[in-house]
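Have a look at the structure below before the remarks.
Positions are given from 1 along the sequence. Remember, predicted model here, so these are calculated numbers, not experimental data.
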Amino acid sequence: MIPKSLASPSAIAYVIEQKFMQGVPLYRQEQQFERLGIALSRQTVSNWLVQVSHRLLQPMYERMHEHLLQRDILHADETTLQVLKEPGRPADSTSYMWLYRTGREGPPIILYDYQTTRAGKHPERFLKGFKGWLHVDGYAGYHKVANATLVGCWSHARREFDEALKALPENMKSQPGAAQEGLVYCNRLFAIERELAETTPAERYKEREQRSQPVLKEFHAWLKQTRPKVLPKSALGKALQYCLNQWDSLTSFMQDGRLEIDNNRSERSIKPFVIGRKNWLFSNTPNGAKASAMIYSLVETAKENALNVNSYLIWIFERLPNIDLQNNESLDSLMPWSPELPDNCKLKR
C-alpha cells in the first residue's frame with residue numbers, strides 16, 4: 001500500500017480497527033506489538049495512516065461527499081478536538097470535528113470534517129451544492145448553509161426542560177410546575193413519533209397533521225403565556241426562550257413525513273469519535289486530524305451499512321493501489337453500499 005514499506009492491507013486494517021473502533025491509542029498498540037516481539041513504533045504506524053489516508057482514502061472520501069450532497073435530507077453536528085501543532089495557534093487551542101450524515105432514506109453516508117473553528121463558514125463550504133432539509137441543534141452557524149431548511153431538535157428542547165426540573169429544590173421536583181408541564185408537552189410529541197416509527201412517510205405526515213399539530217399549537221400558546229412570568233436567566237426561562245427562538249425549525253419536521261423529530265441520528269454518529277477522543281486525547285498535526293476524519297468517515301459508514309469493518313478494509317486496501325482513483329465507477333465499486341462487495345465483507349445476520 002505504501003511503496004518501500006511493510007504496510008500490508010491487513011496490518012493497516014488491524015491498526016485502524018484498534019484505534020478507530022476499539023479506541024486503542026497508537027502508543028498502546030506499540031506496547032502490544034512490543035510484547036509480541038514486533039518492533040513497530042507509533043510514529044511509523046502514524047505515518048502509515050496519514051499516507052494511506054491522503055494518497056488512497058481521500059478520493060473515496062471526496063466521492064462519498066459527492067454522493068452525500070445529492071441527498072435532500074441531511075443531519076449535522078460538531079464536537080471539539082485538540083490539535084497540537086496547528087500553524088500559528090497554541091497547542092491548547094480548541095478545534096472542531098464536524099459531522100454530516102444522511103437521514104433514514106438510502107444507504108447511510110457519514111462524513112467527518114476537521115476544521116480549526118466552529119464558524120458557520122465551514123458547514124457553508126462543506127454543504128455547497130446541497131439543497132433540502134438539514135437536521136441540526138440550535139447553533140446559529142448552520143443558518144449560513146444556502147438552500148437548506150433547518151429542522152430543529154426536540155431532544156435539545158426536552159433537555160432544556162429536564163435541566164430546569166433538575167435545578168429545582170428536591171421538595172419541588174415532584175410537584176406540578178411549569179418545568180414539568182413543558183417536559184410533558186415534549187414527551188407527548190415523542191410518544192406520537194414512537195407509534196409512527198414503522199409507518200410510511202405519507203402515513204407519518206398525515207398522522208402528524210392529525211395528532212402532533214394540536215399538541216404543537218397548544219404548546220406554543222403555553223410558551224407565550226408562561227414566558228413573561230418566569231425570570232429570563234433562570235433554567236426554566238432559558239428553556240422557554242429556547243423553544244420560542246427555535247420554533248420555526250422545531251416545527252419544520254411537520255412539513256415532510258421523511259423528517260425526524262430530533263437530531264439524535266447525528267449525535268449517535270459522532271459518539272464513536274467522542275469516545276475515541278477520551279482515549280487518544282488529541283491529534284498531533286492537522287494532517288493527522290484530516291486523516292482521522294477520513295478514516296472515521298469510512299469506518300462509521302461501513303458500520304452503518306452492516307459491514308464487517310476489518311474484512312471490508314482489507315478488501316478495499318487490496319484494490320485501491322491498483323485502480324484509477326480518478327474514475328468514479330471504480331470508486332463506486334468500493335463504496336460501503338456497493339453491490340460488488342463480497343459476502344465476507346458483510347455481517348452475518
Any side-chain heavy-atom pair from Leu150 and Ser252 closer than 4.5 angstrom? no

The complete set of ring-ring contact (aromatic ring centres under 6.0 Å, His included) pairs with one or both residues in residues 58-97, sequence neighbours excluded, reads His65-Phe126, His67-Trp337, His75-His135

Got a sec, which residues hit ring pair (Phe, Tyr, Trp, His ring centres under 6.0 Å) with Tyr139, two or more places apart in sequence or on another chain? Tyr142

Can you list the steps and then say if Leu320 with Leu334 is a side chain to side chain contact (heavy atoms under 4.5 Å, CB included)? CA-CA 9 Å; Leu320 280 170; Leu334 303 181; 3.6 Å; yes

I'd like to know if Lys238 pairs up with Glu160 as an ion pair, taking the criterion as any Lys NZ or Arg NE/NH1/NH2 lying under 4.0 Å from an Asp or Glu carboxylate oxygen. no

What do the steps show when you test Tyr114 against Ser95 for side chain to side chain contact (heavy atoms under 4.5 Å, CB included), and what is the final call? CA-CA 8 Å; Tyr114 151 71; Ser95 298; 4.0 Å; yes

I'd like to know whether Ile295 forms a side chain to side chain contact (heavy atoms under 4.5 Å, CB included) with Leu49, so could you lay out the CA-CA distance, the side-chain angles of the two residues, the decisive distance to 0.1 Å, and finally the verdict. CA-CA 9 Å; Ile295 295 171; Leu49 296 181; 4.3 Å; yes

Identify whether Val52 and Leu40 are in the same connected component of the hydrophobic contact network (ILVMFWY, side-chain heavy atoms under 4.5 Å). yes

Scan side-chain atoms only and decide if Thr44 and Ser41 contain a donor-acceptor pair under the 3.5 Å cut-off. yes

Can you list the residues that meet the ring pair (Phe, Tyr, Trp, His ring centres under 6.0 Å) rule with Trp222, with sequence neighbours excluded? Tyr185, Phe219

Validation row: Phe282, Asp92 side chains within 4.5 angstrom (heavy atoms): no

Under 3.5 Å side-chain donor-acceptor pair for Ser269 and Arg101: yes

Under the side-chain hydrogen bond (donor to acceptor under 3.5 Å, both in side chains) test, which residues partner Gln43, sequence neighbours left out? Asn47

For the residue pair Glu207 and Ile192, establish whether any side-chain heavy-atom pair is separated by less than 4.5 Å. no

side-chain hydrogen bond (donor to acceptor under 3.5 Å, both in side chains) partners for Asn245, two or more places apart: Gln241

Taking NZ, NE, NH1 and NH2 as the nitrogens, is one of them in Arg188 or Glu218 under 4.0 Å from a carboxylate oxygen of the other? yes

Looking only at side chains, do Gln82 and Thr94 share a donor and an acceptor under 3.5 Å apart? no

May I ask you to decide whether Lys131 forms a salt bridge with Asp72, counting only side-chain N to carboxylate O separations under 4.0 Å? no

For Asp137, the salt bridge (charged side-chain N to carboxylate O under 4.0 Å, His left out) test, sequence neighbours excluded, returns none

Between Ser330 and Asp324, do the side chains contain an N or O donor and an N or O acceptor separated by less than 3.5 Å? no

Pairs meeting criterion salt bridge (charged side-chain N to carboxylate O under 4.0 Å, His left out) with involvement of residues 267-293, two or more places apart: Arg159-Glu267

Other residues, nucleotides, ligands: >12 heavy atoms within 6.0 Å of Gln210 CD: yes

Who are the side-chain hydrogen bond (donor to acceptor under 3.5 Å, both in side chains) partners of Glu105, not counting sequence neighbours? Arg258

Is a salt bridge present between Glu66 and Arg63, judged by a nitrogen-to-oxygen distance below 4.0 Å? yes

Pair Glu124 + Lys121: basic N to acidic O under 4.0 Å: no

Check the angle between the aromatic planes of Phe273 and Tyr296 and answer parallel, tilted or perpendicular using the 30° and 60° thresholds. perpendicular

Only counting residues at least two apart or in another chain, list the ones meeting salt bridge (charged side-chain N to carboxylate O under 4.0 Å, His left out) with Glu181. none

Going by heavy atoms in the side chains, are Pro201 and Lys206 under 4.5 Å from each other? no

With no hydrogens and no angle check, just 3.5 Å: does a side-chain donor-acceptor pair link Glu62 and Gln58? yes

Tyr242: which residues meet the ring pair (Phe, Tyr, Trp, His ring centres under 6.0 Å) condition with it, sequence neighbours left out? none

How would you list, by chain and number, every residue that makes a side-chain contact (heavy atoms from CB on, under 4.5 Å) with Tyr27, sequence neighbours excluded? Pro25, Gln31, Arg42

Under 3.5 Å: donor-acceptor pair, side chain of Asn305, backbone of Pro108: yes

Just checking, is any N or O donor in the side chain of Glu304 or Thr301 under 3.5 Å from an acceptor N or O on the other one? no

Pair Asp113-Gln115, side-chain donor/acceptor within less than 3.5 Å: yes

All ring pair (Phe, Tyr, Trp, His ring centres under 6.0 Å) counterparts of His220, not counting sequence neighbours: Trp247

If hydrophobic clusters are built by linking Ile, Leu, Val, Met, Phe, Trp and Tyr wherever their side-chain heavy atoms come under 4.5 Å apart, do Met294 and Val50 end up in the same one? no

